[in-house]
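Working notes, structure below.
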Amino acid sequence: MDVSELPLDARLIAVLKERGVRELFPPQVEAVKAGIFDGVNLLLCTATASGKSLLAEVASVKTALEGKMALYAVPLKALAQEKLLHFSYYGKLARVGISTGDFDSEDKRLYEYDIVVVTYEKLDSLLRHRPSWLGSVGLVVVDEIHYLGDPKRGPVLESIIAKVRHLGLRTQFIGLSATVGNAGEVAAGWEQGSCPPAGGLFLLERGFITAARFISQTALKNPWAAARPK
């Protein structure tokens, strides 16, 4: 698929071409067909360098151009700085900020940005404090979502997803990972649990849509199965 065919603002397509992106990889095409640019919740579990992060970045900028905020969560401060650098390509289209410290604060100033890169802990804190701008968030991206199986950060991730659901936020949810070995179980547990993303969840695994429908709510007896590395 040529990037010119994507349902995106012409300015965003122009930036992609400036970066040398002309054609999408097969997994990216499947994600587009599944609705990643149409507000569909997606769990993308594809190989490293398959382009899933690029799609999440583009979806974030698209959300910004539509007048909503995007929150992009990563597990480490170093990764947050790296992602901020990646977003610099879109500097003319969206105001991008970063927030990784002072976990126990709401950061009222963040409303000044269209896209905010945060750590898991910071996002959990923001959701707990419920700043006034939270209602304008249209997209939440969680990178490295296999950390659900991490003893330290797994509970934080579960808390984030539960809060997004509990607060009734009308947001698209995108999860990314290259190392989840039981993506179907994670997605099913996500959908079966008490706090699935609104509207259900689609799963893109190893470059193919393995569940081109809402994941069955009876797929697992044990919701929130821990993510296992491949």
Side-chain angles (χ1 to χ4, degrees), residues 1-66 68 70-74 79 82-83 85-90 93-94 96 115 117 138-146 171-188 190-191 196-216 219 227 229-230:
M1 178 184 288
D2 190 283
V3 295
S4 298
E5 302 176 50
L6 296 175
L8 300 173
D9 187 292
R11 293 169 295 172
L12 184 47
I13 291 176
V15 172
L16 290 175
K17 290 182 177 180
E18 288 175 5
R19 295 184 63 180
V21 180
R22 301 282 176 174
E23 294 279 340
L24 298 185
F25 294 134
Q28 293 175 314
V29 174
E30 292 298 325
V32 171
K33 291 179 178 178
I36 192 169
F37 298 138
D38 299 314
V40 174
N41 299 313
L42 278 174
L43 177 58
L44 305 182
C45 300
T46 60
T48 300
S50 61
K52 55 186 174 295
S53 294
L54 176 65
L55 290 185
E57 292 170 15
V58 173
S60 299
V61 179
K62 178 178 183 292
T63 299
L65 290 174
E66 293 172 347
K68 291 283 189 176
L71 298 177
Y72 200 111
V74 296
L79 291 177
E82 180 181 327
K83 183 55 61 177
L85 181 62
H86 291 174
F87 273 117
S88 65
Y89 289 108
Y90 313 97
L93 302 180
V96 184
I115 301 169
V117 182
L139 171 65
V140 174
V141 177
V142 176
D143 206 348
E144 311 290 351
I145 202 167
H146 50 269
T171 65
Q172 178 185 9
F173 197 100
I174 299 175
L176 309 175
S177 177
T179 62
V180 170
N182 60 331
E185 293 181 17
V186 173
W190 202 337
E191 180 65 12
L201 180 75
F202 282 89
L203 169 65
L204 176 65
E205 185 176 15
R206 288 187 289 277
F208 299 94
I209 298 297
T210 57
R213 57 181 175 79
F214 296 145
I215 301 298
S216 170
K230 292 181 179 178

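Just so you know, residue 1 is the first one in the sequence shown, and it goes up from there.
The side-chain heavy atoms of H146 and C45, taken from C-beta on, include no pair separated by under 4.5 Å. The shortest distance between side-chain heavy atoms of K17 and I13 falls below 4.5 Å. Side-chain contact between L54 and E57 is present, with at least one heavy-atom pair separated by less than 4.5 Å. L6 is listed as a side-chain neighbour of L24, based on a closest heavy-atom distance under 4.5 Å.
Between the CZ atom in F173 and the CG atom in L71 there is a gap of 10.5 Å [rounded to 0.5 Å]. One finds the CG atom of L55 at 9.0 Å from the CG atom of L176 (value rounded to the nearest 0.5 Å). Here the CZ-NZ distance, from F37 to K62, works out to 8.0 Å after rounding to the nearest 0.5 Å. With rounding to the nearest 0.5 angstrom, the NZ atom of K52 is 13.0 Å from the CD1 atom of I174.
Between the side chain of D143 and the backbone N or O of V74 there is no donor-acceptor pair closer than 3.5 Å. Between the side chain of Q172 and the backbone N or O of I36, at least one donor-acceptor pair lies under 3.5 Å.
Contact detail for S177 and I145: the closest heavy-atom pair is CB-CG2, 3.9 Å. Residues A34 and L42 come closest through the heavy atom pair CB-CD2, 3.9 Å. Looking at every heavy atom in both residues, Y72 comes nearest to S60 through CD1-OG, 3.9 Å. Closest approach of V96 and V117 over heavy atoms only: CG1-CG2, 4.4 Å.
Judged purely by distance below 3.5 Å, without hydrogens or angles, the side chains of K68 and T171 never pair a donor atom with an acceptor atom.
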| message | The test is side chain to side chain contact (heavy atoms under 4.5 Å, CB included); show your working for V3 and E23 and say whether it passes. | response | CA-CA 6 Å; V3 295; E23 294 279 340; over 6 Å; no
| query | Yes or no on side chain to side chain donor-acceptor pair (under 3.5 Å) for Y90 and R11, after CA distance, side-chain angles and deciding distance? | reply | CA-CA 10 Å; Y90 313 97; R11 293 169 295 172; over 6 Å; no
